[in-house]
Amino acid sequence: MGGGPLRVSPTPQRRQHFEEQGSPSRDALRRDTWEEALALLEDRRDALRTVAEEDARRGHAFHRVRVVDQPLTPYVQWELHSHRQHAEYGERIRVVTTEQVASAEAGGPLPEIVVLGGSTLFQVLYDDTGATIGAIRWTAPDAIKSWARYIEELYGAGEDIASYFDREVAPLPPPRCGTGQGG
C-alpha cells in the first residue's frame with residue numbers, strides 16, 4: 001500500500017449513519033447548524049497536528065476505507081469533511097462506492113471491522129440508531145487474514161479522499177437532518 005508502515009489494517013466504514021458522543025461538531029450537525037459544525041472541525045486542527053506528529057514519531061500509520069452510498073446522508077457528508085481534514089494530517093483515507101462492495105454484500109451490508117496487528121479482528125456492533133453497543137473479538141488466523149486481504153483490496157481500489165471530496169462533497173449544499181436530531 002505504500003506510504004510507510006501499516007500497523008493497523010485499513011478499517012472499513014460501511015454504515016451511513018453513526019451516533020457519535022462527545023463531538024461538539026457532530027452535535028451541531030444534529031441541530032442543523034452546518035456552519036458551526038464545520039467551524040468546530042476547524043477548531044481541532046492543533047489537536048490533529050499533535051496526534052499526527054506523535055503517530056509519525058511512533059511509526060504508526062492509520063488507513064481507512066469509507067464506503068459511500070449516493071446520495072450522501074447528512075452524517076456521511078459531515079464525516080467526509082472530517083476525514084478530509086484527518087487526511088491533511090497524514091491519515092490515509094480512501095473512498096469506495098456501494099457498487100464496489102456489492103458482490104461482498106449478497107448476504108447484507110459489510111460489518112464494521114477493525115483488524116489489529118494481523119492477529120485480532122473486532123466486529124464493532126451498533127444499535128439501530130448507530131450508537132456503539134460493543135464488539136465481537138475474533139482470533140482465528142484464517143478469518144483475520146481473509147478480512148485483512150479483502151480490506152486491503154478495497155483500500156487499493158478506493159479513491160483518495162481529497163479527489164473524491166473535491167468532486168462529490170465540496171459542491172454540496174449544507175445537509176439538513178430534518179428534525180434537528182438526526183444526521
Side-chain angles (χ1 to χ4, degrees), residues 1-18 20 23 25-26 29 37-38 41-42 44-45 47-49 51-56 58-106 108-118 120-124 126 130 132 135 138 143-172 175 183:
M1 280 199 264
L6 179 60
R7 302 280 189 237
V8 178
S9 293
T11 299
Q13 293 178 294
R14 177 61 179 100
R15 290 182 63 96
Q16 302 300 292
H17 175 86
F18 291 96
E20 297 187 20
S23 168
S25 178
R26 177 67 172 98
L29 174 66
L38 295 181
L41 288 177
E42 285 299 314
R44 69 183 186 170
R45 282 191 179 274
L48 290 176
R49 185 178 300 106
V51 169
E53 289 168 356
E54 181 64 19
D55 285 347
R58 291 181 176 180
H60 293 178
F62 188 76
H63 295 67
R64 182 187 314 265
V65 179
R66 184 39 151 138
V67 180
V68 295
D69 292 346
Q70 287 290 343
L72 299 179
T73 64
Y75 174 83
V76 171
Q77 184 177 345
W78 169 81
E79 184 189 56
L80 290 171
H81 278 265
S82 176
H83 284 351
R84 182 202 52 164
Q85 191 181 61
H86 277 267
E88 291 172 13
Y89 292 97
E91 280 192 30
R92 295 167 180 100
I93 303 171
R94 312 281 288 182
V95 177
V96 297
T97 64
T98 305
E99 292 77 20
Q100 290 174 279
V101 298
S103 64
E105 293 191 319
L110 288 173
E112 304 292 325
I113 297 291
V114 177
V115 180
L116 300 176
T120 305
L121 178 148
F122 290 94
Q123 177 183 352
V124 184
Y126 299 88
T132 306
W138 302 86
I144 295 167
K145 286 178 188 172
S146 177
W147 272 107
R149 186 173 29 256
Y150 176 70
I151 296 165
E152 288 179 13
E153 288 170 5
L154 276 182
Y155 183 88
E159 179 178 355
D160 183 73
I161 183 69
S163 60
Y164 182 87
F165 183 91
D166 290 347
R167 187 183 67 253
E168 299 289 338
V169 182
L172 295 174

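The shortest distance between side-chain heavy atoms of Trp147 and Pro111 falls below 4.5 Å. Taking the side chain as every heavy atom from C-beta outward, Leu121 and Ile113 approach each other to under 4.5 Å. Between Arg66 and Val96, the closest side-chain pair of non-hydrogen atoms is not below 4.5 Å. In this structure, Tyr155 and Arg64 have side chains that are not in contact, with every pair of non-hydrogen atoms separated by 4.5 Å or more. The side-chain heavy atoms of Leu116 and Phe122, taken from C-beta on, include a pair separated by under 4.5 Å. Val68 has its side chain out of reach of Thr98: every pair of non-hydrogen atoms, C-beta onward, lies at least 4.5 Å apart.
Across all their heavy atoms, Ala157 and Gln100 have their closest contact at O-NE2, 3.2 Å. The nearest pair of heavy atoms linking Leu41 to Ser82 is CD1-N, 4.0 Å. Minimum interatomic distance between Thr132 and Tyr126 (heavy atoms only, all atoms of both residues): OG1-CE2, 3.3 Å. Scanning all heavy atoms of the two residues, the minimum distance from Leu72 to Val76 falls at CD2-CG1, 3.9 Å. Residues His81 and Leu38 share a closest heavy-atom pair of ND1-CD2, 3.5 Å. The two residues Ile93 and Ala87 come nearest to each other via the heavy atoms CD1-N, 4.2 Å.
Annotation: side chain to side chain contact (heavy atoms under 4.5 Å, CB included) contacts of Arg45 (sequence neighbours excluded): Glu42, Gln85, Glu88, Tyr89. Partners of Glu153 under the side chain to side chain contact (heavy atoms under 4.5 Å, CB included) rule, at least two apart in sequence or in another chain, are Arg149, Tyr150.
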Practice problem: Determine, step by step, whether Leu48 and His86 satisfy the side-chain contact (heavy atoms from CB on, under 4.5 Å) criterion, reporting the C-alpha distance in whole Å, the side-chain angles of both residues, the deciding distance to 0.1 Å, and the verdict. | Solution: CA-CA 7 Å; Leu48 290 176; His86 277 267; 3.3 Å; yes

Quiz item: Should Ser23 and Arg44 be marked as a side chain to side chain donor-acceptor pair (under 3.5 Å) after you check the CA-CA gap, both sets of side-chain angles, and the distance that decides it?
Solution: CA-CA 11 Å; Ser23 168; Arg44 69 183 186 170; over 6 Å; no

Exercise. May I have the step-by-step check of side-chain contact (heavy atoms from CB on, under 4.5 Å) for Val101 and Leu154, ending in yes or no?
Key: CA-CA 8 Å; Val101 298; Leu154 276 182; 3.7 Å; yes

Practice problem: Walk me through it: do Val169 and Tyr164 pass the test side-chain contact (heavy atoms from CB on, under 4.5 Å)? | Solution: CA-CA 7 Å; Val169 182; Tyr164 182 87; 4.1 Å; yes

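Trp78 and Ser25 form a side-chain donor-acceptor contact under 3.5 Å, judged by distance and modelled atom types alone.
A salt bridge links Glu54 with Arg58; the closest basic N to acidic carboxylate O contact falls under 4.0 Å.
Side-chain rings of Phe165 and His83 stay apart, their centers remaining 6.0 Å or farther from each other.
Each salt bridge (charged side-chain N to carboxylate O under 4.0 Å, His left out) pair with one or both residues in residues 157-168, not counting sequence neighbours, appears once here: Glu159-Arg167.
Arg94 contributes a side-chain N or O that, together with a main-chain N or O of Gly158, makes up a donor-acceptor pair within less than 3.5 Å.
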